[in-house]
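Below is one structure; the comments refer to it alone.
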Amino acid sequence: MPRLHRLLGLLALVLTPVVHIAPAMAASPLVERGAYLVRGIAACGNCHTPKGPDGRALPDQEMAGGFVIETPVFRAVMPNITPDKETGIGNWTDAQVAVAIREGKRPDGSILGPPMPVDMYRAMSDTDVQAIVAYLRSLRPIRNAVEKSSYKIPLPASYGPPLGKVPDVSPSNKVAYGKYLADIGHCLECHTPMVRGQLDVSKLGGGGRELPGPAGGVLIAANLTPGNPDGIAKWTNTQVKHAIAAGVRPDGRQLVRLMAFDWYKTVTDKDLDALVAYLRTLKPVKP
Ligand code: HEC
Ligand code: HEC
């Protein structure tokens, strides 16, 4: 019995820093990892943070919601995901927030609609989803009630069976980790064409998807596969990384701000290398 006690004591010691995540402890490694993901590759704020007239996210309104994306089949109003108890997700448990992110289900059982990239977030590891939740908890609560989204298309009954454990992907496996980052960055959500409201995964990364442009009009996402002679296939890795993280093409053209380079600029060079290594392995799709 004493041995068991010692063991439990040790376990409590190990678990304590993970369990008590308070905003005051913003420097905890978990919150830091969450900040790196949310403010970087995951670019949650590209949707959840309201934007100014120049299309840039408002820094003092992080995750306050209200930004609207309209397509012929839906009008999505981004929810407030700050810790505000009445208008945000302050009353949800950590587990409930994680289920919303990776499985697209709210505590009341309702299903999240597009363009919340749930299909891609299912790949998010347990560690990373916990880190993201911890970071969201550390944000300033902002009171901002937003209206509900409306969908003309039926939403799925679920995004798949309940997730079991999702292990971490090791960064030492460069291509696999690159794919993992592409999922968390929901890159191919925008860069894959759609047929009948579904991503055409046989043309993964093939571009051509029409997206509502920030200044009105329609924006076409680029073909990122090695099958596009006018695309990144001919660019050096450094040029591809510059397009992702700075939003500038080798010909000097600035990419439109819908592409989330304002966030990707904080992604480490090592992570960008993995991302590019993965893009190079995509099945070629002709433009
Ligand atoms: C491409 C846009 C987009 C991105 C990127 C995105 N979301 Fe969402 N999110 C949405 C939309 C739209 C909804 C609401 C859908 C609806 O109204 O049914 C939503 C809903 C949610 C909800 C449920 C909140 C509620 O009150 O219903 C949570 C939690 C959430 N998102 C967290 C995140 C996190 C964390 C990230 C980044 C890892 C993220 N989202 C990235 C669009 C996005
Ligand atoms: C919200 C949608 C969206 C997301 C998410 C997104 N992109 Fe893009 N991306 C676009 C659009 C739209 C363009 C074209 C912009 C333009 O024409 O100015 C683009 C352009 C690019 C380009 C330039 C290619 C070319 O031929 O001009 C690269 C490279 C790129 N994206 C890579 C990525 C990667 C890698 C990710 C994930 C880390 C990503 N994108 C996430 C929408 C998106």
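Keep in mind it's a predicted model, so treat the numbers as computed, not measured. Start at 1 and go down the list; that is how both ligands and their atoms are numbered.
- Taking the charged nitrogens against the carboxylate oxygens, Asp54 and Arg257 have no contact shorter than 4.0 Å, which rules out a salt bridge.
- Protein N/O/S atoms nearer than 2.8 Å to atom 8 (Fe) of ligand 1 total 2.
- Contacts between Asn46 and ligand 1, counted as non-hydrogen atom pairs separated by less than 4.0 Å, are absent for every part of the residue.
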Task: Residues Lys234, Asn228; criterion side-chain hydrogen bond (donor to acceptor under 3.5 Å, both in side chains); working and verdict - done: CA-CA 9 Å; Lys234 269 210 292 228; Asn228 174 20; over 6 Å; no
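- Listed for the Arg56 side chain is no donor-acceptor partner under 3.5 Å among the backbone atoms of Asp262.
- Using a cut-off of 4.0 Å between Lys/Arg side-chain N and Asp/Glu carboxylate O, Glu62 and Arg140 are scored as not salt-bridged.
- Distance from atom 27 (O) of ligand 1 to its nearest protein heavy atom, with residue and atom name: Arg106 NE, 2.6 Å.
- Atom CZ of Arg249 has more than 12 heavy atoms from other residues, nucleotides or ligands within 6.0 Å.
- The nearest protein atom to atom 14 (C) of ligand 2, hydrogens excluded, is given as Ile220 O, 3.8 Å; this is a heavy-atom distance.
- Set against the non-hydrogen atoms of Ile41, the atoms of ligand 2 under 4.0 Å away are 38 (C).
- A donor-acceptor pair shorter than 3.5 Å cannot be found between the side chains of Lys286 and Asn223.
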Task: Residue pair Ile244, Phe261: steps toward the side-chain contact (heavy atoms from CB on, under 4.5 Å) verdict - done: CA-CA 6 Å; Ile244 298 170; Phe261 49 85; over 6 Å; no
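- Counting the atoms of ligand 2 from 1 in the order shown, those under 4.0 Å from a heavy atom of His186 are 5 (C).
- If you check each of Cys190, Ala182, Gly178 against atom 1 (C) of ligand 2, the one with the closest non-hydrogen atom is Cys190.
- When all heavy atoms of Ala245 and Leu272 are compared, the pair lying nearest together is CB-CD1, 3.9 Å.
- Close N/O approach between Val256 and ligand 2 is found [any backbone or side-chain N/O within under 3.5 Å].
- Asp84 and Thr87 share a side-chain donor-acceptor pair at under 3.5 Å.
- Atom 28 (C) of ligand 2 has Leu224 CD2, 3.6 Å as its closest protein atom, hydrogens excluded (heavy atom only).
- Ion pairing between Asp126 and Arg102 holds under the 4.0 Å rule for side-chain N and carboxylate O.
- Within the 3.5 Å criterion, the main-chain N or O of Met63 finds a donor-acceptor partner in the side chain of Thr49.
- When only interatomic distances are considered, the shortest N/O to N/O separation between Trp92 and ligand 1 does not fall below 3.5 Å.
- The distance from ligand 1 to the heavy atoms of Ser149 drops below 4.0 Å at these ligand atoms: 16 (C), 17 (O).
- Using a 30° and 60° split on the angle between ring planes, Phe74 and Tyr151 fall in the tilted class, from 30° to 60°.
- Looking at Leu219, Leu181, Leu188 and measuring to atom 12 (C) of ligand 2, the nearest heavy atom belongs to Leu219.
- Which parts of ligand 2 touch Arg249 is read off a 4.0 Å heavy-atom cut-off, strictly below it: atoms 25 (C), 26 (O), 27 (O).
- Between the side chains of Arg33 and Tyr135, no donor-acceptor pair of N or O atoms lies under 3.5 Å.
- The closest protein non-hydrogen atom to atom 41 (C) of ligand 1 is Tyr121 OH, 3.3 Å.
- Salt-bridge formation is not detected for the pair Lys174/Asp273: no Lys NZ or Arg NE/NH1/NH2 atom is positioned less than 4.0 Å from an Asp or Glu carboxylate oxygen.
- Among all non-hydrogen protein atoms, the one lying nearest atom 17 (O) of ligand 2 is Arg253 NH1, 3.7 Å.
- Of the protein's non-hydrogen atoms, Ile244 CD1, 3.5 Å is the one closest to atom 35 (C) of ligand 2.
- In terms of protein heavy-atom proximity, atom 30 (C) of ligand 2 is closest to Met259 CE, 3.5 Å.
- Between Arg106 and Asp108, none of the side-chain N atoms (NZ, or NE/NH1/NH2) sits under 4.0 Å from a carboxylate O, so this pair counts as no salt bridge.
- Scanning the protein heavy atoms around atom 23 (C) of ligand 2, the nearest turns out to be Leu255 CD1, 3.8 Å.
- A donor-acceptor pair is defined here as one N or O able to donate and one able to accept, closer than 3.5 Å; such a pair exists between the side chain of Asn80 and the backbone of Asn144.
- In this structure, Glu189 has no heavy atom closer than 4.0 Å to ligand 2.
- Among protein heavy atoms, the minimum distance from atom 34 (C) of ligand 2 is reached at Cys187 SG, 3.6 Å.
- Although no hydrogens or angles enter the test, the distance criterion places no donor-acceptor pair under 3.5 Å between the side chain of Thr225 and the main chain of Leu282.
- Each of the atoms 35 (C) of ligand 1 lies under 4.0 Å from some heavy atom of Ile132.
- When Gly213, Ala245, Ala221 are ranked by how near their heavy atoms come to atom 11 (C) of ligand 2, first place goes to Ala221.
- With ligand atoms numbered from 1 in the order given, ligand 2 contributes 29 (C) to contacts under 4.0 Å with heavy atoms of Ile232.
- Side-chain atoms of Asp200 never come within 3.5 Å of backbone atoms of Val195 as a donor-acceptor pair (strictly under, hydrogens ignored).
- With Gly113, Pro114, Pro107, Gly65 as candidates, the residue nearest to atom 18 (O) of ligand 1 on a non-hydrogen basis is Gly113.
- Here the shortest heavy-atom distance to atom 24 (C) of ligand 2, taken over Gly40, Ala222, Ala260, belongs to Ala222.
- Among His242, His191, Lys241, the residue whose heavy atom lies closest to atom 19 (C) of ligand 2 is His191.
- Asp128 and Tyr180 share a donor-acceptor pair across their side chains, judged by distance under 3.5 Å alone.
- Ligand 1 has no nitrogen or oxygen under 3.5 angstrom from a nitrogen or oxygen of Asn80.
- Contact annotation: for Phe261 versus ligand 2, there are no heavy atoms closer than 4.0 Å.
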